[in-house]
Structure formats: C-alpha cells, structure tokens
Amino acid sequence: FIMSTFNMLLLGGSPIYLAGLTDSLIRSFPNSQISLRSSELSQLVSTVIFVSSDTQKSTDQYLKQQLQKYAPARFFVIGPLRTPHYVRSLINAGITGYLLRYVSPEILVEVVAGTQAGELYLDPKLEAEWIRQQLRIGRKRTVSISKREREVLQLITEEFTTAEIASKLFICLSTVE
C-alpha cells in the first residue's frame with residue numbers, strides 16, 4: 001500500500017478523531033497529501049473521507065453537498081450504524097464506501113488503497129447487523145398491550161377468578177378469557 005498516492009481530504013468529525021485518522025493515513029500513505037482543507041491540496045482531490053456524526057439530519061445535507069463538490073473523487077463515509085435505507089441513499093448519491101465508526105486503521109487503509117473508483121465497500125459489520133435486524137435475531141420482541149389488558153393481567157396475578165375479574169371490570173367473561 002505504500003506505493004499508493006492520494007490527495008486526501010478529511011471532513012467532519014472531532015479534532016481528536018481527525019488527528020488520529022490523519023496520523024494513521026500519513027504512516028500508511030507517506031507519499032500522499034492529506035489535509036483538512038481542500039485549499040491546502042496542490043492537486044485535485046482524489047479521495048474524501050467524511051466522518052459522520054450521530055445527528056443524521058444535520059450532516060446529511062452537508063455530506064451530499066460535499067459529494068457533489070468533490071465528484072469524481074472516491075468518497076468514503078465513516079459513521080455510526082445507520083438503516084439500509086439511509087446508506088442506500090448515500091450510495092445513490094455516489095459514495096464509494098461506508099465504514100462503521102470504530103473501524104481499525106488497518107482496515108481503513110486496506111479499503112482506501114484497495115477500492116477503485118466505481119467499486120463499493122460496505123463494512124461487513126454493517127451488513128451483518130442489517131441481516132440480524134431483518135431476521136430479528138438476538139432481539140427480544142416486545143408486544144404492547146392496552147390499559148384494559150394490563151388491568152386484567154394485574155387481577156390475574158392477584159388470583160381473582162375469571163368471573164370476579166369480569167364483574168370487577170364490568171366486562172364479559174369471554175373478554176377476560
């Protein structure tokens with residue numbers, strides 16, 4: 001990967017996160033220009049890494065503006081777990097890859113160096129979580145009940161009979177059952 005040369009622009013994120021990200025990228029791509037401002041890059045930006053925040057609405061419009069501004073640069077987003085619909089909207093807008101926020105520097109370097117223009121990279125953990133959500137694996141299913149159902153259950157736990165519950169709540173026996 002040391003042979004790869006990029007003009008990278010880093011956008012978004014906290015100063016501490018960006019400082020660590022910059023150090024990792026400089027070590028991995030010593031011949032590349034890496035900056036937090038496009039004005040500091042001597043040539044056309046070839047790669048943009050956008051660090052997204054938790055507040056989707058505030059960054060969404062800005063991110064899509066940056067995608068248009070730096071097209072045809074490869075555009076990677078590092079961010080939190082998002083819905084498939086949201087990430088698909090970014091793919092349709094032109095991103096090259098979406099990586100989860102806690103991606104290791106080694107994986108990031110591998111993805112940036114190995115993903116060519118026109119290819120797409122999605123963090124495998126993101127895909128796995130989407131599958132888990134789709135199949136509802138590992139999540140307890142919650143069922144909401146009405147106030148009246150709660151009242152019936154409360155009386156059941158207090159060991160009232162079906163007839164007593166019906167009488168107390170002014171409902172039919174069949175409703176209690």
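It should be emphasised that the depicted structure is a prediction, and the values quoted were computed from it without experimental measurement.
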Geometric class of the F29/F6 ring pair [parallel <30°, tilted 30-60°, perpendicular >60°]: perpendicular

Residues K64, L90; criterion side-chain contact (heavy atoms from CB on, under 4.5 Å); working and verdict: CA-CA 8 Å; K64 289 182 178 176; L90 295 180; 4.0 Å; yes

Smallest separation among heavy atoms of I49 and V112, with atom names: CD1-CG2, 4.1 Å

From L67 atom CG to N92 atom CG, the distance as rounded to the nearest 0.5 Å: 11.5 Å

Point-to-point distance, once rounded to the nearest 0.5 Å, from CD1 of I171 to CZ of R148: 5.5 Å

CD/Q65: more than 12 non-hydrogen atoms of other groups inside 6.0 Å: yes

Contact check, side chains of L108 and L21, non-hydrogen atoms, under 4.5 Å: yes

Atom of L173, atom of A163 and distance for their closest heavy-atom approach: CD2-CA, 3.4 Å

Side chain to side chain, Y17 and I78, heavy atoms closer than 4.5 Å: yes

Any side-chain heavy-atom pair of L169 and T175 under 4.5 Å: no

Separation between CD1 of I156 and CD of E164, rounded to the nearest 0.5 Å: 12.0 Å

Main-chain N/O of Y86 paired with S89 side-chain donor or acceptor, under 3.5 Å: yes

Rounded distance (nearest 0.5 Å) linking atom OG of S146 with atom CD of E151: 8.0 Å

Minimum heavy-atom distance L126-L122, with the two atoms named: CD2-CD2, 4.5 Å

ILVMFWY network linking I16 to L18, side-chain heavy atoms under 4.5 angstrom: no

Heavy-atom closest pair, residues L100 and D123: N-OD2, 3.0 Å

side-chain contact (heavy atoms from CB on, under 4.5 Å) between L153 and I145, intermediate numbers included: CA-CA 10 Å; L153 287 173; I145 60 173; 3.7 Å; yes

Flag side-chain contact, heavy atom, 4.5 Å: L155 against V176: no

Side chains of V51 and R101 in contact at under 4.5 Å (non-hydrogen atoms): no

Side-chain touch T22/M8, heavy atoms, less than 4.5 angstrom: no

Minimum heavy-atom distance between V109 and S24, given as atom pair plus value: CG2-O, 4.5 Å

Min side-chain heavy-atom separation Y102-K125 under 4.5 Å: no

Atom pair CD/CG of Q66 and L9 - distance to nearest 0.5 Å: 8.0 Å

A71: side chain to side chain contact (heavy atoms under 4.5 Å, CB included) partners, not counting sequence neighbours: none

Co-membership, hydrophobic cluster, residues L120 and W130, 4.5 Å side-chain: yes

Within 6.0 Å of CZ in R150, more than 12 heavy atoms from elsewhere: yes

Donor-acceptor contact below 3.5 Å, side chain T47 vs main chain R74: no

Backbone N/O of F75 and side chain of T96: donor-acceptor pair under 3.5 Å: yes

In one Ile/Leu/Val/Met/Phe/Trp/Tyr side-chain cluster, 4.5 Å: L81, V87: yes

Min side-chain heavy-atom separation S52-R82 under 4.5 Å: yes

Value rounded to 0.5 Å, distance of OH in Y121 from CZ in F76: 10.0 Å

